[in-house]
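Notes for the one structure printed next.
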Amino acid sequence: MPVSPNQLQFTDSLTRTKRPFVPLVPDHVGIYVCGPTVYSDSHLGHAKSYVGFDVIVRWLRFLGYSVRYVQNITDVGHLTDDADEGEDKLIKTARLNQVHPLELAERFTRRYFRDMDALGVQRPDISPRASGHIPEQIEIITALIERGNAYVVNGSVYFSVASFPQYGRLSGRDVEDGEEGHRVQVRSEKRDARDFALWKAAEGGHILRWNSPWGVGFPGWHIECSAMSSRYLGESFDIHGGGLDNQFPHHECEIAQSQAAGHAFARCWLHNNLVTVDGRKMSRSLGNFTTIEQALSNNDAAAVRLWVLSTHYRSPADYSASSLTAVKGGLDRLRTALRGATEAAAQASVAPAALDASFLGEVAAAEGAFAAAMDDDCNTPLALGALFDMARVLNTATAKGQLSRGALEAACQRMLALGGTVLGVLDAAATNAVSADAAPYVDLLVQARTRLKNAKAFEHADWLRTELAARGVVIEDTAAGTRWRFSAE
RNA sequence: GGCGCCAUAGCCAAGCGGUUAGGCAGCGGAUUGCAAAUCCGUUCAGCCCGGUUCGACUCCGGGUGGCGCCUCCA
């Protein structure tokens, strides 16, 4: 049962406007997001992109939509430099590692999912591989040739940009006639410098190759997304997402191919902004990246998610160790509030209390603010503000201790729904994963400290507390006794 | 060179033509054996120059600075 489906708005890159989201089929959403080219490890840039779309999908589902989320895996056709002249990225890397290209692809596909799982990114419903959809790609290319939008040269097929006047609309560039005074014209078999490859004839030693009506070869990079999106979502579907750096040429080419082939294609385009380091784009080619594996080796996954969601998906996020540290304090705050209220609920009376109504009213207000923020182009930074408001409401209520169990439990459930189900930064345990192994030993040390404290041996008790703090264990003496927790990592 | 985006307090980051964003950090108070956590209070804003307006951080114009795309990249 949708909460407020009519309020949901997205900023559509194609029209450059924010407008209400209206799905093609009521209560159903088809979304396609450009996935990774699997030739190396994923980094924080991928984390921002896929956590961002993860939360968009989670929000759609939270609103009650039935979502089909398709995200491709690119394992063929992605060339190293010029879109039509370079070497296939996978083949190149595989050659250097002396493995089969698809062996390399399989390895990094698994690592990609491993990293995304660790980040709490819910898997797409369908993860189609480009190499597994060659017939679908050939089908579209054939149609484009028949319609006069593509031509064959020496066993390769190129899309004729001149045949598609709308080319350039998405990326907002005027490509009427070649004003490429600066670009050095590479010797090419293309009729027009703007044309791009749909199919490339395979050279002698090319490992990834398939038969086609035009000879042995392999598909171009862009065509996979046109083929696989229509296969699983239909010729027209609701949302197409991807990184801002794919807006041109990749998405521009997708539109040209699909629409020239007669497909209505994506109704709304969402573009995720980039992660920067010292103001510069984080990328594989610049080498200034932190892999997700590295980031998670010394940071809580929830902290990385919270870091991502602290910036709007359309804004760039500058990465630094200190920016991540600052987020951890906030994560601790959210966890403390949820944990405190959960504990308070367990001890509260079952009978309704006088303050319940106003308390639940404040919770509902925060929840409403959260929903309004998410409905407004998935504004997670603003939504987080509402979640922090809710944390304060819970903290205040917990301190007063004059609420019924039912009211407190309801509030905890709401906070878990928003912070957990939607954002994926909170869970019922409200702590981090490493606690399970160390817990018995920390318990013992905390009990030892309590005995010292009871014996008024404060110097020794404080020493123990300090030493535990240095190891990430925070001790809190409360009226109900001493408790402890791990600070966010 | 072309196209586009952004400039908010010590740091990060939102909304909004007039009403506290929020988080982290700092300061004061309550609380505590001392802390921690929490609550209350509080310091610190809107790159520069014009314009519109009763009123602009918010709209418009012009600067300046930064970034992205125009090869590959989420």
Side-chain angles (χ1 to χ4, degrees), chain A residues 16 33-37 39-40 42-53 78-86 89 168 171-175 179-183 186 221 241-250 252 271-276 279-286 289 306-307 310-312 314-318 320 322-334 336-337 339-340 369 372-373 376 379-389 391-392 394-396 398-400 453 456 458-459 461-462 465-466 469 474-479 482-485 487:
Chain A
R16 290 141 206 277
V33 172
C34 285
T37 302
Y39 70 100
S40 71
S42 305
H43 55 64
L44 287 172
H46 301 94
K48 173 168 167 62
S49 188
Y50 298 123
V51 167
F53 284 112
H78 201 164
L79 306 182
T80 48
D81 41 57
D82 184 283
D84 307 317
E85 306 297 337
K89 287 186 167 185
S171 51
R173 59 195 73 215
D174 180 17
V175 280
E179 10 68 51
E180 9 236 308
H182 306 280
R183 301 293 306 280
V186 184
W221 173 35
L244 194 57
D245 49 358
N246 273 339
Q247 191 174 44
F248 187 91
H250 185 54
E252 196 73 74
H271 283 101
N272 211 299
N273 216 313
L274 309 174
V275 171
T276 59
R280 300 256 163 214
K281 172 182 175 179
M282 177 181 286
S283 76
R284 286 165 167 172
S285 52
L286 287 176
F289 58 87
L306 194 60
W307 174 76
S310 293
T311 306
H312 187 83
R314 294 174 58 80
S315 299
D318 198 67
S320 68
S322 63
S323 69
L324 204 43
T325 301
V327 156
K328 293 174 188 172
L331 180 59
D332 265 341
R333 182 173 173 75
L334 293 175
T336 296
R339 188 190 47 164
D376 186 7
N379 190 333
T380 54
L382 188 59
L384 281 170
L387 197 61
F388 280 106
D389 285 343
R392 183 175 39 72
L394 292 192
N395 283 332
T396 303
T398 301
K400 282 182 182 167
K453 206 157 67 85
K456 305 289 184 196
F458 293 121
E459 190 181 334
D462 290 351
R465 183 173 63 195
T466 303
V474 180
I475 286 187
E476 300 172 12
D477 293 328
T478 72
T482 299
R483 66 184 185 185
W484 65 272
R485 63 185 165 82
S487 57

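Below, chains carry the letters A, B, ... as their sequence lines are ordered, and counting in each starts from 1. Computed from a predicted model, the values in this text were never measured in an experiment.
Residues A:Lys281 and A:Asp245 form a side-chain contact, since some pair of their non-hydrogen atoms from C-beta on lies under 4.5 Å apart. Counting heavy atoms from C-beta on, the side chains of A:Arg339 and A:Thr336 come closer than 4.5 Å. Contact check for A:Phe458 versus A:Lys453: side-chain heavy atoms found under the 4.5 Å cut-off. The shortest side-chain heavy-atom distance between A:Met282 and A:Leu274 does not fall under the 4.5 Å cut-off.
With B:C40, B:C67, B:G33 as the candidates, the nucleotide lying closest to the side chain of A:Arg392 is B:C40. Closest to the side chain of A:Phe248, out of B:C70, B:A74, B:C39, is B:C70. For A:Pro381, taking side-chain heavy atoms from C-beta onward, the closest of the listed nucleotides B:G23, B:A13, B:G15 is B:A13. Considering only side-chain atoms of A:Arg485, the nucleotide from B:A74, B:A36, B:U38 that sits closest is B:A36. Nearest nucleotide to the A:Asn246 side chain, out of B:A36, B:A74, B:C69: B:A74. The nucleotide whose nearest atom lies closest to any side-chain atom of A:Ala326 is, among B:C24, B:C70, B:A13, B:C24. The side chain of A:Arg173 lies closest to B:G2 when the candidates are B:G2, B:G23, B:G15.
With a cut-off of 3.5 Å on both Watson-Crick or G-U wobble distances, the partner of B:U64 is given as B:A7. Pair check for B:G22 finds B:C12; Watson-Crick or G-U wobble, both atom distances under 3.5 Å. In this structure B:U58 sits in no base pair that meets the Watson-Crick or G-U test at under 3.5 Å. Pair check for B:G17 finds none; no Watson-Crick or G-U wobble contact set falls under 3.5 Å. When both pairing distances are held under 3.5 Å, B:G46 makes no Watson-Crick or G-U pair with any nucleotide shown. Of the nucleotides present, none pairs with B:C34 by Watson-Crick or G-U wobble criteria with both distances under 3.5 Å. Pairing partner, B:U53: none, since no Watson-Crick or wobble contact has both distances short of 3.5 Å. Using N1 to N3 plus N6-O4 or O6-N4 for Watson-Crick, or N1-O2 and O6-N3 for G-U wobble, each under 3.5 Å, B:C27 pairs with B:G41.
At a threshold of 4.0 angstrom between heavy atoms, the contacts of A:Gly329 are confined to the sugar-phosphate backbone, with no base atom among them. Across all strands shown, A:Thr396 has heavy atoms under 4.0 Å from sugar-phosphate atoms exclusively, and none from any base. Counting non-hydrogen atoms under 4.0 angstrom, A:Ser283 reaches a base of the nucleic acid. A:Tyr50 comes within 4.0 angstrom of the backbone, heavy atoms only, and of no base. A:Ser315 comes within 4.0 angstrom of sugar-phosphate atoms only, judged by non-hydrogen atoms across all strands, and of no base. Residue A:His312 is in sugar-phosphate contact alone, with no base atom involved, counting any heavy-atom pair closer than 4.0 Å across all strands shown. When heavy atoms are screened at a 4.0 angstrom cut-off, A:Glu476 is found touching base atoms of the nucleic acid. Residue A:Lys453 is in base contact, counting any heavy-atom pair closer than 4.0 Å across all strands shown. Within the nucleic acid shown, A:Val275 comes within 4.0 Å of at least one base atom, counting heavy atoms only. Heavy atoms of A:Gly35 sit under 4.0 angstrom from primed sugar atoms or phosphate atoms, though from no base atom.
Under a 3.5 Å cut-off, the side chain of A:Arg284 and the backbone N or O of A:Ser40 do form a donor-acceptor pair.
Taking the nucleotide of RNA chain B with the nearest heavy atom to each of A:Phe53 and A:Val474, the more 5' of the two is matched to A:Val474. Comparing A:Ala383 and A:Gly242 along RNA chain B, the residue whose closest nucleotide (by nearest heavy atom) sits nearer the 5' end is A:Ala383.
Summarising the geometry of A:Arg314 relative to A:His271, their closest heavy-atom pair is CG-O, 3.9 Å, with the distance given to 0.1 Å.
Rounded to the nearest Å, the gap between the P atom of B:A14 and that of B:C47 is 15 Å. Between B:C59 and B:C27, the two P atoms lie 37 Å apart (nearest whole Å). A gap of 33 Å separates the C1' atoms of B:G10 and B:C60, to the nearest Å. The separation of B:G66 from B:A74, taken at their P atoms, amounts to 28 Å, rounded to a whole angstrom. Taking the P atoms as reference points, B:C40 lies 38 Å from B:C49, given to the whole Å. Look at the P atom in both B:A9 and B:G46: the space between them is 8 Å, to the nearest Å. Nucleotides B:G15 and B:U8, compared at atom C1', are 12 Å apart to the nearest Å. Taking atom C1' in both B:G17 and B:A56, the straight-line distance is 6 Å, to the nearest Å.
In this entry the distance linking CZ of A:Arg314 with C1' of B:G68 reads 13 Å, nearest Å. One atom, CG of A:Leu382, and another, C1' of B:C12, lie 15 Å apart when rounded to the nearest Å. In this structure, CG of A:Leu331 is placed 17 Å from C1' of B:A25, rounded to the nearest angstrom. Summarising the geometry, the separation between CG on A:Asn395 and P on B:A36 is reported as 16 Å, rounded to the nearest angstrom. Atom C1' of nucleotide B:U31 and atom NZ of A:Lys400 are separated by 16 Å, given to the nearest angstrom. When rounded to the nearest whole Å, the span between CG of A:Asp389 and P of B:C40 equals 11 Å. Here B:G33 presents its C1' atom at 4 Å from CZ of A:Phe458, a figure rounded to the nearest Å. Summarising the geometry, the separation between NZ on A:Lys281 and P on B:C5 is reported as 18 Å, rounded to the nearest angstrom.
Side-chain N/O atoms of A:Arg280 and base N/O atoms of B:C67 include no donor-acceptor pair closer than 3.5 Å. Between the side chain of A:Asp462 and the base of B:G33 there is at least one donor-acceptor pair of N/O atoms closer than 3.5 Å. Judged by atom type and distance alone, A:Asp477 reaches the base of B:C34 through a side-chain donor-acceptor pair under 3.5 Å.
Here the OG1 atom belonging to A:Thr380 is positioned 11.5 Å from the CG atom belonging to A:Leu387, to the nearest 0.5 angstrom. Atom OG1 of A:Thr482 is separated from atom CD of A:Glu476 by 10.0 Å, given to the nearest 0.5 angstrom. One finds the CD1 atom of A:Ile475 at 12.5 Å from the CZ atom of A:Arg483 (value rounded to the nearest 0.5 Å).
Contact annotation: A:Arg483 side-chain N/O to B:A36 OP1/OP2 distance is not under 4.0 Å.
A tilted orientation is assigned to the rings of A:His43 and A:His46, their planes being inclined by 30° to 60°.
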